[in-house]
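The model shown is predicted, which means the values in this text are computed figures rather than measured ones.
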Amino acid sequence: MNDELYQQLTKKSISTKKDNFGKRLSLFALILIGLVVFAILFFVVSRGLSTFTLDQINPFNFVFGTQWNPGKTDEAGNQLVGALPMIVGSFAVTFLSALVATPFAIGTALFVTEVSPKWGNKIMQPVIELLVGIPSVVYGFIGLAVVVPAVRNATGGTGFGIFSGVVVLFVMILPTITSMTIDALRNVPGHMRESAYAIGATPWQTIYKVVLRAAIPGILTAIVFGLARAFGEALAVQMVVGNSPVMPDGLFSPAATLTSVLTQGIGNTTDGSLANDVLWSLAMILLLMSLLFNTIIRRIANRRALK
Amino acid sequence: MAKKTNLEIVDQLVAETDYDRYIIQLSKKHERAIETKDLTVTYDGLKYAMNPATIAFEKNKITSLIGGSGSGKSTFLRSLNRMNDDVATVGGQILYQGVDLNAPEIDVFEVRKRIGMVFQRPNPFAKSIYDNITFALTQRGKYSRVELDEIVETSLKNAALWDQVKDSLDKSALQLSGGQQQRLVIARALALKPDILLLDEPASALDPKSTMQIEETLVNLKNNYSIIIVTHNMQQAARISDYTAFFNMGKLIEYDLTRKIFTRPKVKLTDDYVSGNFG
Ligand SMILES: Nc1ncnc2c1ncn2[C@@H]1O[C@H](COP(=O)(O)OP(=O)(O)OP(=O)(O)O)[C@@H](O)[C@H]1O
Ligand SMILES: [Mg+2]
């Protein structure tokens, strides 16, 4: 055995040390993030559960009750802490806005990447990326100044309600979904398009059957981000949704969402009171729902990913 | 009697007690570049993608690895410089100057410095021609601009690319033609001054002229390097290599001087393959 060579080949070279250091560094970052996430989860869940443990509220009544007036009781003496109106409100604005935004986003993204890349790269993309960065309060403000009066004139109601929320959220999440969809489409290797053309596919067939198909996981991720942004958005929605925690009976009557009730209520309740505890419970629902969104869509994305 | 399937033939062959006689043994006077002892590879932990292969490669010679698609040539080649580390489980020994490179304590980065690899598809980095070649060097140590210039020039000359690119070293490597890119990648591997050069079908996507240039390059490099090359091109194997190893279905079937493999192979499978008789 060649001892000198063995020494050279086994002494940990500087690059190996750096490599190990890098590995440890990223592991450390991972653990740190993990801890933070875990701490948040733990904190929110433990506070959120006290509604059901300390205050003895029936979880079923909390999730499915339709009357929201913490601190007050009905004739039978039950606390009025039904969160269903806000849950419905949140889901309604989130899904409706994503439902409307997705086709527009995919259309725009296809235009930018497939139809007119030159124009798209120069003008569309910078504009879209600019829109992603606009603070939500601006969207809310425009909603309040433009959308609400318009809806009021058109329907004769107050103008506040789920519909106005959907319009504002639609404008808000459209750039997010679009710019992520653009990235997803760009990641489809060029040779896939070429091989589709080479077997006589039209551009539309290529886009529809090959490019979009390959980009599905990325597009789904884009939609989740849109959903998450919409679901978690507080300020802009709060400004236009009407903030009335009753079961919405239409798109145009005032309603409330989990986030809007939270932002409104958290400063007006005292720590440890029932009114404060139920807000933590709402936060917990919000958190669990976001987790659920993510898991579901990840599953879909994994299943449909090209292996 | 039912005609035997290829797999049965191969299995029977390898089970023969004197199977070794199909694998040429290098005598003492032939210096060895690298050798394997019962090298096995499995991708799933169950099935051997490479059955125990014992083979010694002579120093300063070119050895071709031939065999049908999926016969395990790349699998074998990639194992030699531990490129299969995170992909597959590699068993057995890889002896390089008496040191077992497959041992866990071996630093794979040091190994790859000594045993360079060129892949089938030209894969230059998205950097200038110059930076492609100096990248690995500057990661590893301090070189003066003069030293780097010199290494770039010699590597490119060795890879027969210098004349075509000497005035545009700052150009992006991605703008080179496929054949030029492949030679750039060879130059990049040479810049590290490896001992052994592994090439996996380096000319399969190239035109005849670029192919010829690369072949010439390899033959010229023989004086300073030991070369192991996977190829599907029988003429190429016959033209440039001193030894040829034939693989079939994850097994090393026959290994001999190229001239013998192409004129008087001992195993019928080899004969069928090199003469293009698949009936
Ligand atoms: N990363 C991998 N994971 C799982 N199986 C693999 C992997 N790479 C190769 N294989 C399998 O190992 C076997 C040998 O493949 P290998 O790539 O070594 O063949 P090859 O002789 O190089 O073929 P070709 O001439 O087509 O390049 C094949 O059956 C292949 O399916
Ligand atoms: Mg191969």
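- By the neighbour-count criterion of 12 heavy atoms within 6.0 Å, atom CD of B:Glu150 is sparsely surrounded, having that number or fewer from other residues, nucleotides or ligands.
- Here the OH-CG distance, from A:Tyr6 to B:Leu101, works out to 11.0 Å after rounding to the nearest 0.5 Å.
- The neighbour count for B:Tyr48 OH, taken as heavy atoms of other residues, nucleotides or ligands under 6.0 Å away, does not exceed 12.
- Every residue was checked against the side chain to side chain donor-acceptor pair (under 3.5 Å) condition with A:Ser195, not counting sequence neighbours, and none meets it.
- For A:Phe91, the CZ atom counts as densely surrounded, since its 6.0 Å shell holds more than 12 non-hydrogen atoms of other residues, nucleotides or ligands.
- Between chain B and the options A:Gln8, A:Lys11, A:Lys18, the largest number of non-hydrogen pairs under 4.5 Å is found for A:Gln8.
- Heavy atoms of B:Leu95 lying under 4.5 Å from chain A are absent altogether.
- Considering CG of A:Leu5 and CZ of B:Arg114, their distance stands at 5.5 Å, rounded to 0.5 Å.
- Remark: A:Leu32 CG is packed, more than 12 non-hydrogen atoms of other residues, nucleotides or ligands lying under 6.0 Å away.
- Under the rule for a side chain to side chain donor-acceptor pair (under 3.5 Å), B:Gln25 has no partner lying at least two apart in sequence or in another chain.
- Heavy-atom contacts from other residues, nucleotides or ligands closer than 6.0 Å to CD of A:Glu129 number more than 12.
- Within a 6.0 Å radius of OH in A:Tyr208, other residues, nucleotides and ligands contribute 12 heavy atoms or fewer.
- Residues from residues 127-137 of chain B never place a non-hydrogen atom less than 4.5 Å from a non-hydrogen atom of chain A.
- Below 4.5 Å, heavy atoms of chain A meet heavy atoms from B:Glu105, B:Ile106, B:Asp107, B:Phe109, B:Glu110, B:Val111, all part of residues 105-112 of chain B.
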